[in-house]
Amino acid sequence: MQIAQLNLVIRLAGEQRDEAAQRLAAGRQQWQGANQQLEQLQNYQRQYVGQVQRESQQGIAVQNLVEGRRFIAELEGLIATQQQTVAQQEANLQVLTEQWVAASQYLNAVERLKDSRLREQRQSAERREQQLVDDLYSVQQTLRQAAAR
């Protein structure tokens, strides 16, 4: 593969890595948002349970106690659903991270290949140059020997 072709592959691989990084950042934001919602629900549940406990110590109507327990059960359902959402976002984040790592590794591999090809080209050019110098020296020696006769 020629250097120009490798440069094109490097550019495309860089674009893929950048796109993977953007998807990863978006996935991280979604996960953080889902996590924050979960924390808010859990905090609200703790506050509500604390309030119900305080009110029940002071005496509360049975109907209010039943409604409070029903609401707490609803909160627990919302929390369970949000925990599933957080777990899904976490799994998605893992996939996106793996995609970004793979894209980065591919880019690095192509860049190393280009560096290797450039090094090979330099070494080949140096060998050709050395061969030309050696040939020139050989011709000069032959001419000197012929002139000396």
Side-chain angles (χ1 to χ4, degrees), residues 1-140:
M1 190 175 282
Q2 299 296 326
I3 299 301
Q5 292 169 323
L6 285 172
N7 284 335
L8 175 61
V9 172
I10 287 171
R11 184 178 58 79
L12 293 174
E15 289 173 5
Q16 287 178 341
R17 185 208 46 204
D18 294 346
E19 289 169 5
Q22 290 173 351
R23 288 190 305 273
L24 178 58
R28 186 172 287 124
Q29 285 179 340
Q30 289 174 343
W31 173 78
Q32 287 173 339
N35 228 10
Q36 287 174 348
Q37 286 179 340
L38 176 60
E39 289 174 8
Q40 288 172 350
L41 284 170
Q42 290 170 332
N43 286 338
Y44 183 68
Q45 181 190 35
R46 279 191 293 276
Q47 291 172 358
Y48 188 79
V49 167
Q51 178 184 344
V52 168
Q53 286 174 347
R54 285 189 299 279
E55 288 176 0
S56 67
Q57 290 173 353
Q58 298 171 355
I60 187 172
V62 173
Q63 180 64 29
N64 290 346
L65 186 59
V66 169
E67 287 177 18
R69 287 187 177 163
R70 182 192 52 76
F71 185 68
I72 290 171
E74 287 178 22
L75 281 174
E76 287 173 353
L78 290 172
I79 288 170
T81 300
Q82 191 62 28
Q83 285 171 331
Q84 290 174 345
T85 300
V86 168
Q88 289 170 346
Q89 292 296 332
E90 210 168 295
N92 184 46
L93 190 58
Q94 180 64 33
V95 168
L96 293 172
T97 299
E98 290 169 3
Q99 289 173 352
W100 177 82
V101 167
S104 294
Q105 288 174 339
Y106 179 72
L107 175 60
N108 290 337
V110 176
E111 286 175 336
R112 284 192 309 272
L113 177 61
K114 177 187 169 190
D115 291 344
S116 174
R117 294 287 165 86
L118 286 171
R119 197 170 32 257
E120 289 171 4
Q121 285 181 353
R122 276 193 306 273
Q123 289 171 345
S124 179
E126 288 171 2
R127 282 192 299 271
R128 282 191 308 271
E129 189 176 309
Q130 185 61 47
Q131 184 63 45
L132 287 172
V133 169
D134 291 347
D135 290 347
L136 179 61
Y137 180 75
S138 177
V139 168
Q140 287 175 344

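Being a predicted model, the structure only gives us computed values, none of them experimental.
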With a cut-off of 6.0 Å (strictly less than), are more than 12 heavy atoms of other residues, nucleotides or ligands near [atom1] of [X]?
X      : atom1 : answer
Gln2   : CD    : no
Gln123 : CD    : yes
Arg69  : CZ    : no

Are [X] and [Y] close enough that some pair of their side-chain heavy atoms sits under 4.5 Å apart?
X      : Y      : value
Tyr106 : Val9   : yes
Asn7   : Arg11  : no
Val86  : Gln83  : no
Arg122 : Leu118 : yes
Leu24  : Arg28  : yes

Testing the 3.5 Å rule here: is there a donor-acceptor pair between the side chains of [X] and [Y]?
X      : Y      : value
Gln130 : Glu126 : no
Glu39  : Asn35  : no
Gln51  : Glu55  : yes
Arg112 : Ser116 : no
Gln94  : Glu90  : no

I'd like to know if the side chain of [X] and the backbone of [Y] have a donor-acceptor N/O pair within less than 3.5 Å.
X      : Y      : result
Thr97  : Leu93  : yes
Ser104 : Trp100 : yes
Arg54  : Gly50  : yes

Taking all atoms of both residues into account, what is the closest heavy-atom pair of [X] and [Y], and its distance?
X     : Y      : result
Leu41 : Leu78  : CD1-O, 3.9 Å
Leu6  : Arg117 : CD1-CG, 3.9 Å
Gln45 : Ile79  : OE1-CD1, 3.1 Å
Ala13 : Leu107 : CB-CD1, 3.8 Å
Gln89 : Trp31  : CB-CA, 3.8 Å

Residues Gln99, Val95; criterion side chain to side chain contact (heavy atoms under 4.5 Å, CB included); working and verdict: CA-CA 6 Å; Gln99 289 173 352; Val95 168; 3.7 Å; yes

Rounded distance [0.5 Å steps], CD in Glu120 versus CG in Leu113: 8.5 Å

Ile3/Gln121 under side chain to side chain contact (heavy atoms under 4.5 Å, CB included): CA gap, chis, key distance, verdict: CA-CA 10 Å; Ile3 299 301; Gln121 285 181 353; 3.6 Å; yes

Check against side chain to side chain contact (heavy atoms under 4.5 Å, CB included), Gln30 and Asn92: CA-CA 10 Å; Gln30 289 174 343; Asn92 184 46; 4.2 Å; yes

Steps toward side-chain hydrogen bond (donor to acceptor under 3.5 Å, both in side chains) verdict (Gln63, Glu67): CA-CA 6 Å; Gln63 180 64 29; Glu67 287 177 18; 2.9 Å; yes

Side chain to side chain contact (heavy atoms under 4.5 Å, CB included) between Asn108 and Glu111, intermediate numbers included: CA-CA 5 Å; Asn108 290 337; Glu111 286 175 336; 3.7 Å; yes

